[in-house]
2 protein chains.
Amino acid sequence: MGKAKRASERRDEGLSLERIVEVAIELLDAEGEDGLTFRALATRLATGSGAIYWHVANKSELLVAASNAIVAREMKALGTRAAPRKAIRNIAVSLYEGIDAHPWVGAQLFRAPSETAMLQIFERIGREIQAMGVSRRAQFTSVSALVSYIIGVSVQNAANGRQHDPRMSRAEFLKTIAARWEALDPDEYPFTRKVAAQMREHNDRAEFLAGVDLILNGIALGC
Amino acid sequence: MGKAKRASERRDEGLSLERIVEVAIELLDAEGEDGLTFRALATRLATGSGAIYWHVANKSELLVAASNAIVAREMKALGTRAAPRKAIRNIAVSLYEGIDAHPWVGAQLFRAPSETAMLQIFERIGREIQAMGVSRRAQFTSVSALVSYIIGVSVQNAANGRQHDPRMSRAEFLKTIAARWEALDPDEYPFTRKVAAQMREHNDRAEFLAGVDLILNGIALGC
DNA sequence: ACCTGAACACCGTTCAAGT
DNA sequence: ACCTGAACACCGTTCAAGT
């Protein structure tokens, strides 16, 4: 052993999959999904666009690798010691914030659900559900529901963030939506009109966690 | 009144937004998201690609219109009379199956969450939550969680369906995945290995509905 | 007012040619 | 084994010209 795997560390010369993925992530974060082109990538890597194809089969594979890298990073950063419910909330928040910071990960997770990424999340939540004492036969359903909810809301939140003009503040944005809700047809949208005020004041992250708790309560009922 | 709005009915001549959207949906259903190009659309409509731009601003707007049309159709087809919990399950199943039959709707709902589509779903579920007697202050959170879960899982399910080779049966597919789960590293994936058998036998639609019930149970606890 | 279709700018991907 | 970069096929979108 000893210096056996030095090669994987610093290599300023030549391309490598890691280097390509790293620069792809930079591009995606800086300019969004449309910013990632093989031409832009090649320029930043000071090479020809064809060279990238030596290390990666196509763009879709590159996106999978990039989003796997983010999910793995987020999961690794998690502390390991917390009570089960608290631990699940931590995992949920990490993913929510990770996807919020890298919205393209969300899109990717949905376009081509990556098994490796999903498995990591599934496993972490599964262990906590087990620790909560959920019955053997309810475990699969409980974990599936939680994972789906957490990923689903995180991705929707990230997609929503890209929707509105970034010069508008969050408060202004909510105000605009709430005003639109209040102006809806009273016969067609009675309920939505009634909760418009709550829409104006709600906090997305808090609602997300409230939803996680709702599911956890439902799960706890079963055991 | 009387024959005042006849013009909106049959017009075999000339283009119209409705006609364009209709053909776009046919194309999307038949050949998937990549099949929708302005050139293919123009050919099917027997016109030039530029003509379409007279009726629709760009491709993104066309996708929004097409997916709104599907959601509206699905919501309209719903019966109106059922007990609240049953009604919510009906809405959930309609969306799940609608998105399963038109996977591109799912992708679209996430790429650019359409306010009109979301509002329709939010309103329908909201009325039922109100009918369940959920307290005023818990209503917004309850409906948000349900809508997020229902849309999220439906979209993920549709995306998963496009993943694997269509020649493989569902049972074969699950068997393959379960085998892969069982072969995972015992130290890194103890939980996932343990539930691999349940993965092999689970039914996606049933798990989806079980998740809805979990949330409904959590909601009912609060009131 | 509405349609036509060539033209433009820009992609992902391939591949013969190089080192 | 790995890199280069021109070439190919294919997009969305625009726009001068038509009716």
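Labels below follow one simple rule: chain letters A, B, ... track the order of the sequence lines, proteins then strands, and each chain is numbered from 1.
- C:dT13 atom P lies 8 Å from atom NZ of A:Lys59, rounded to whole Å.
- At whole-Å resolution of the value, CG in B:Leu17 and C1' in C:dC2 are 15 Å apart.
- Per the geometry, CG belonging to B:Leu62 stands 12 Å off C1' belonging to D:dG12, to the nearest Å.
- Here the C1' atom of nucleotide D:dT14 and the CH2 atom of B:Trp54 are 14 Å apart, to the nearest Å.
- When rounded to the nearest whole Å, the span between CG of A:Leu15 and C1' of D:dA1 equals 13 Å.
- Residue A:Ala51 is the one, among A:Ala51 and A:Arg39, whose nearest nucleotide of DNA chain D lies closer to the 5' end (criterion: closest heavy atom).
- Counting any heavy atom pair closer than 4.0 Å across all strands shown, B:Leu36 reaches sugar-phosphate atoms only and no base atom.
- Here C:dA1 sits opposite D:dT19 as a Watson-Crick or G-U wobble pair (both hydrogen-bonding atom distances under 3.5 Å).
- One interatomic measurement links the two molecules: CG of B:Asn58 to C1' of D:dG12, which rounds to 9 Å at whole-angstrom precision.
- With C:dC8, D:dC3, D:dT14 as the candidates, the nucleotide lying closest to the side chain of B:Ser49 is D:dT14.
- One N or O on the side chain of A:Lys59 and one on the backbone of A:Leu36 form a donor-acceptor pair closer than 3.5 Å.
- Using a 30° and 60° split on the angle between ring planes, B:Phe191 and A:Phe122 fall in the tilted class, from 30° to 60°.
- For the pair A:Tyr53 OH and C:dC15 C1', the computed distance is 12 Å after rounding to whole Å.
- As a whole-Å value, the separation of A:Phe38 CZ from D:dC3 P is 14 Å.
- Toward the 5' end of DNA chain C, the nearer of the two residues A:Asp34 and A:Ala57, judged by each one's closest nucleotide, is A:Asp34.
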In sequence, state the C-alpha distance, the side-chain angles, and the governing distance for A:Arg124 and A:Met75, and then conclude on side chain to side chain contact (heavy atoms under 4.5 Å, CB included). CA-CA 9 Å; A:Arg124 307 267 324 204; A:Met75 290 293 97; 4.0 Å; yes

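- C:dA9 is unpaired under the Watson-Crick or G-U wobble criterion, no partner having all donor-acceptor distances under 3.5 Å.
- Using bins of under 30°, 30° to 60° and over 60° for the plane-to-plane angle, the ring pair A:Phe38/A:Tyr53 lands in the parallel bin.
- Using cut-offs of 30° and 60° on the angle between ring planes, the pair A:Tyr149 and A:Phe208 is parallel.
- Across all strands shown, B:Ile52 has no heavy atoms under 4.0 Å from either base or sugar-phosphate atoms.
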